[in-house]
**Q** 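Sharing a structure with you now.
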Amino acid sequence: MTIRERYVDSSGARIWTCTSGTGIPFLMFNGGPGCDDYLGRVAELIEDVCQVVRFEPRGCGRSDWDGNYAVDTLINDAEEVRKAYGLEHCIVGGHSFGPDVALTYAITYPRAVIGLIGMAGGRIVNDRNWHATYRRNLARIGEDLGGVIFNADPNVNVECTRSWREYIKRPTLLRDIAAVEIPATFIYGSDDIRPDWPTRQLAQLLPHGRFVEIDGAAHSIWLSHAGELDEKLHDAIERISSFSSSQSS
């Protein structure tokens, strides 16, 4: 499938973007914070049913490295990308930290979003035990990321993480999440070294949330279980499409 690249201007910053496939628009968020584009193989799985729009956040890859790396800036940039591509309504989602940002986007711009799909992520907690378990598993088991080497300003992770931790302290956050009336599917690998309880919890909190596990898969699900991920993604997209059609009829 042909990939078309372009830059989108957002408050004076150039944001690298690309699009591929045809069908329901899917605005895809990278992990990190602080990852440039690495989800091409995921996009390929759904290009038969989705127009996938990917972008690199500020400070990552080909987008401008300008030091403005807070979550609210990332959300505003994503909105400028959506508008630049003329997407009236879209699915939002991504991988690892990506579902967290996608959920924030859905809360901020609810009229633009018809569904949410998360892969190996989705949490609204800053839990020391979670981090300790992850670090222990990383040291003991290790992790295969497919040899990808990320190109980003180190300050992206620092600033975006800081602002994210402030964001999840908002008094209205749980109420806002409970009001997100769209289908949401979270796909997780049983062998991911990151504890899955925050994602299971988030799936229960969302009115139309669903948690799906792929047995034997790790964090980069597509490396070892591309077929199963393909199936789960298509199921989630069909669920969103059916829900959207029922709401408009």
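Scope of the values below: all heavy atoms of this structure, side chains included, with no hydrogens, waters or symmetry mates.
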**Q** In terms of hydrophobic clustering (I, L, V, M, F, W, Y; side-chain heavy atoms under 4.5 Å; direct or indirect links), are Y109 and I117 co-clustered?
**A** no
**Q** Would you mind reporting whether N76 and T108 have side-chain heavy atoms less than 4.5 Å apart?
**A**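 T108 does not reach N76 side chain to side chain.
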**Q** Run the side-chain hydrogen bond (donor to acceptor under 3.5 Å, both in side chains) test against S220 and tell me which residues pass, sequence neighbours left out.
**A** none
**Q** Decide whether S242 and E238 meet the rule of one side-chain donor and one side-chain acceptor closer than 3.5 Å.
**A**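 Yes - a donor-acceptor pair under 3.5 Å links their side chains.
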**Q** Ring of Y85, cation from R6 - is the NZ or CZ under 6.0 Å from the centre and inside 45° of the axis?
**A**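 So R6 does make the cation-pi contact.
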**Q** Is there a side-chain contact between R62 and R14, using heavy atoms and a 4.5 Å cut-off?
**A**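 Result no, sub-4.5 Å side-chain heavy-atom pair not found.
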**Q** Looking at every non-hydrogen atom in both residues, tell me the closest pair between Y188 and G121 and how far apart they are.
**A** CE1-N, 3.7 Å
**Q** Do P25 and V53 come close enough that some side-chain heavy atom pair is under 4.5 Å?
**A**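 No, their side chains stay 4.5 Å or more apart.
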**Q** Has the side chain of T19 got a donor or acceptor atom that lies under 3.5 Å from a matching backbone atom of R4?
**A**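 Answer holds: no.
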**Q** Whether the D230 and H234 side chains hold a donor-acceptor pair (N or O, under 3.5 Å, no angle test) is what I'd like checked.
**A** yes
**Q** Find out if a path of hydrophobic residues (ILVMFWY) with successive side-chain heavy-atom gaps under 4.5 Å connects V158 to V101.
**A** no
**Q** So for atom CD, which belongs to Q204, do other residues, nucleotides or ligands contribute more than 12 heavy atoms lying within a distance under 6.0 Å?
**A** no
**Q** In plain terms, say whether E166 and K169 are close enough for a salt bridge, that is, a side-chain N and a carboxylate O under 4.0 Å apart.
**A** yes
**Q** Are more than 12 heavy atoms from other residues, nucleotides or ligands located less than 6.0 Å from atom CZ of R128?
**A** no
**Q** Which atom names give the shortest non-hydrogen contact between P99 and M119, and what distance separates them?
**A** CG-N, 3.8 Å
**Q** Apply salt bridge (charged side-chain N to carboxylate O under 4.0 Å, His left out) to E213 and R200, showing your working.
**A** CA-CA 10 Å; E213 186 175 80; R200 290 180 179 272; 3.4 Å; yes
**Q** Which atoms form the tightest heavy-atom contact between I240 and G115, and what is the distance?
**A** CD1-CA, 3.7 Å
**Q** With a 4.0 Å cut-off on N to O distance, would you call R58 and D153 a salt bridge?
**A** no
**Q** Given the rule that I, L, V, M, F, W and Y join up when any side-chain heavy atoms are under 4.5 Å apart, are W16 and V156 in one cluster?
**A**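 No, W16 does not connect to V156 through the hydrophobic network.
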**Q** Using every non-hydrogen atom in the two residues, find where L206 and L103 come nearest and quote the distance to one decimal.
**A**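 Closest approach of L206 to L103: CD2-CD1, 4.2 Å.
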**Q** With a 4.5 Å cut-off on side-chain heavy atoms, are N30 and H95 touching?
**A** no
**Q** Using a 6.0 Å distance limit plus a 45 degree cone around the ring axis, check whether R123 lies over the aromatic ring of W130.
**A** yes
**Q** Does the side chain of L87 reach to within under 4.5 Å of the side chain of F26, using non-hydrogen atoms?
**A**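 No, too far: nothing below the 4.5 Å cut-off.
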**Q** Measure the acute angle between the ring planes of W164 and F97, then classify it against the limits of 30° and 60° as parallel, tilted or perpendicular.
**A** perpendicular
**Q** Please test E44 against R41 for salt bridge (charged side-chain N to carboxylate O under 4.0 Å, His left out), starting from the C-alpha separation and ending with a verdict.
**A** CA-CA 5 Å; E44 290 174 0; R41 289 182 61 181; 5.8 Å; no
**Q** I'd like to know whether CZ of R210 has more than 12 heavy-atom contacts from other residues, nucleotides or ligands below 6.0 angstrom.
**A** no
**Q** Run the salt-bridge test on R194 and E143 with the 4.0 Å N-O cut-off and return the result as yes or no.
**A**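 The answer is yes: the pair qualifies as a salt bridge.
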**Q** If I compare all heavy atoms of G12 with all of D64, which pair ends up nearest, and what's the gap?
**A**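 Closest approach of G12 to D64: O-OD2, 4.2 Å.
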**Q** Quick check on I149: does its CD1 atom have over 12 non-hydrogen neighbours (other residues, nucleotides or ligands) under 6.0 Å away?
**A** no
**Q** Between S63 and Y7, do the side chains contain a donor N or O and an acceptor N or O under 3.5 Å apart?
**A** no
**Q** Are H219 and D191 linked by a side-chain donor-acceptor pair shorter than 3.5 Å?
**A** no
**Q** Are I114 and Q247 side-chain neighbours, meaning at least one heavy-atom pair lies under 4.5 Å?
**A**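 The answer is no, as the side chains (C-beta and beyond) never meet within the 4.5 Å cut-off.
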**Q** Any luck finding a side-chain donor-acceptor pair between R239 and T185 under 3.5 Å?
**A** yes
**Q** Is a side-chain donor-acceptor pair under 3.5 Å present for E47 with S20?
**A**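 Present: a donor and an acceptor within the cut-off.
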**Q** For the residue pair N157 and P33, what are the closest heavy atoms and their distance?
**A**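 Smallest interatomic distance, heavy atoms only, reads ND2-O, 2.9 Å.
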**Q** Checking side chain to side chain contact (heavy atoms under 4.5 Å, CB included) against I15, which of V81, D9, L74 comes through?
**A** V81
**Q** Determine whether the aromatic ring centres of residues F29 and F55 are separated by less than 6.0 angstrom.
**A**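 Yes - the distance between ring centres of F55 and F29 falls below the 6.0 Å cut-off.
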